[in-house]
Amino acid sequence: MAAQTSYALLCLENPLLDIQGHGDRAMIAEYGMKLNDTILVEDNPKQLELYDDLIKNHDAKLIAGGGAQNTARGAQYMLPPNSTLYIGCVGDDEYADILRKACKEQGVHVEYRVDPDHPTGRCGVIITDHHRTMCTNLAAANQYKLEHLQQPQIWSLVESSRVYYVGGYHLTVCPPAAMALATHAAKTNKPFCLGLSAGFIPQFFKDQLAEVLPYTDYLFGNENEAKTWAENNGVKADASIPEIAKALANVDKVNKQRPRIVIITQGTDPTIVATGGTGEVSIQEFPVLPIEPNLIVDTTGAGDAFAAGFLAGIVLDDPIDVCVKKGQWLAKLSLQELGPSYPFPKRTY
Ligand code: 26A
C-alpha cells in the first residue's frame with residue numbers, strides 16, 4: 001500500500017517517555033526542584049539519577065508523553081482516521097518503540113528523526129497528592145534538526161497539511177524548525193498554532209518566543225504562563241488575565257488575513273479568548289465544564305488535551321465557541337486518566 005501523503009494537522013515538538021512514580025516533598029527537594037516545577041535537567045548530575053530511582057524504588061509507570069505528542073494523540077482522538085502527523089527526534093532504543101506503539105495504536109502518524117547517539121528523551125514525574133513535579137532530560141529530543149523537516153518527503157507532508165501546531169517547549173530545541181512551519185503557514189494563509197507550554201518558556205526563551213509570535217494565529221497558555229509572559233514583556237504588573245490576553249493578541253502579526261486568537265485556560269475558572277484583528281481586541285469568557293474533585297485522577301496533560309480538542313475544532317472549521325467546548329471536553333476526559341491519556345473505548349463528543 002502506498003504511504004499516505006497528507007495529514008490535516010501537523011504537530012512538532014519533543015517526543016518524551018514519561019516516567020511517573022509517587023514521591024514526597026523530601027524527594028522533590030533532594031532532586032533540586034520545587035513542587036509543581038517543570039524543569040530541564042541542568043548541571044545538577046543528581047537529577048540524572050531520578051529516572052532509575054523512579055523505576056527501581058517508586059513503582060514508576062512508563063507512559064507516552066511530550067506536550068505536543070499528547071496534543072497530537074488527543075486531536076486524533078476526536079478527528080477522522082489518519083488526520084494527524086507528529087514530528088520530533090527520538091533515539092534508537094526501546095523507549096522510542098514505546099512511543100511509536102502508543103502513537104500507532106491511537107492513529108497518529110509519526111515521522112521521527114532517529115538520533116543513534118542519544119537515548120530517547122525522558123520526563124521524570126514525581127506524583128505527590130494532586131501535584132506533578134516534572135524533570136525532563138531531552139537527550140535525543142534535543143537533536144531535532146531543520147534538515148529533517150526539509151527532506152523532500154517530509155516537506156511534502158508539511159506542504160499538504162492544513163493546520164500547524166508547535167509546542168512551546170520546542171523553542172528550547174530547534175527554533176528554526178518552528179520558524180520554517182510558521183513562515184510557510186503565513187505564506188500559504190494556513191493557521192499556525194503555538195502553545196506557551198510552561199512559565200520558563202516566556203521567561204528564559206523570551207527571544208525565541210518573540211520571533212515566532214508574529215506568525216502565530218492561535219496561541220494557547222494557562223494563567224501562569226500568561227502572567228510570566230506579561231512580567232517579561234513590560235505589561236503593567238497588576239494586569240488581569242483578559243488584559244494580558246489582549247496584549248498578546250495585539251503583538252504585531254505577519255499574516256494580516258487572520259486575526260490572532262489567544263486562548264488562556266485558568267483551571268476551573270473560565271477560559272479567556274482574546275480575538276485581535278483590525279479593530280479593538282474582543283474578549284470572551286467560557287465557563288469550564290464542572291468536574292467533581294474526586295473524579296480527578298491526574299492533572300498531567302490537561303493543558304495538552306485542551307489544545308488538542310481545540311485544534312480538532314480548528315481542523316473541522318468549527319466556530320470558536322465550539323473549539324473551546326471541544327477543548328474543555330477533552331481536558332475533562334484527560335483529568336480522569338492516569339498521565340496524559342484519553343479513555344478507551346473512545347467517547348464521542
Ligand atoms: C523541554 N521540556 C521541558 C519538555 C517537557 C515536556 N514536553 C516537551 N518538552 N517537559 C515536560 N513535558 C511533557 O509535558 C507533559 C504534560 O503536559 C511531559 O512529557 C508530560 O507528558
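Just follow the structure's listing: the first ligand is 1, and inside any ligand the first atom is 1.
- For Lys227, the side chain to side chain donor-acceptor pair (under 3.5 Å) test picks out no residue, with sequence neighbours left out.
- Residues lining ligand 1 at a heavy-atom distance below 4.0 Å are given as Glu13, Asn14, Leu16, Asp18, Thr38, Leu40, Gly65, Gly66, Gly67, Asn70, Cys123, Thr136, Leu138, Tyr169, Thr172, Phe200, Thr300, Gly301, Asp304, Pro340, ordered by chain and residue number.
- Ring-plane geometry between Tyr77 and Trp329 is classed as tilted, the angle between the planes lying from 30 to 60 degrees on a 0 to 90 degree scale.
- Between Lys46 and Glu49 there is a salt bridge, since a side-chain N of the basic residue sits under 4.0 Å from a carboxylate O of the acidic one.
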Could you tabulate the donor-acceptor pairs under 3.5 Å formed by side-chain atoms of residues 177-186, not counting sequence neighbours?
{"residue": "Thr183", "atom": "OG1", "partner": "Met179", "partner atom": "O", "Å": "2.8"}
{"residue": "Thr183", "atom": "OG1", "partner": "Ala180", "partner atom": "O", "Å": "3.2"}
{"residue": "His184", "atom": "NE2", "partner": "Tyr164", "partner atom": "OH", "Å": "3.3"}

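- Checking side-chain atoms of Gln336 against main-chain N and O of Lys332 turns up a donor-acceptor pair under 3.5 Å.
- Not counting sequence neighbours, the partners of Gln203 by the side chain to side chain contact (heavy atoms under 4.5 Å, CB included) test are Thr228, Asn232.
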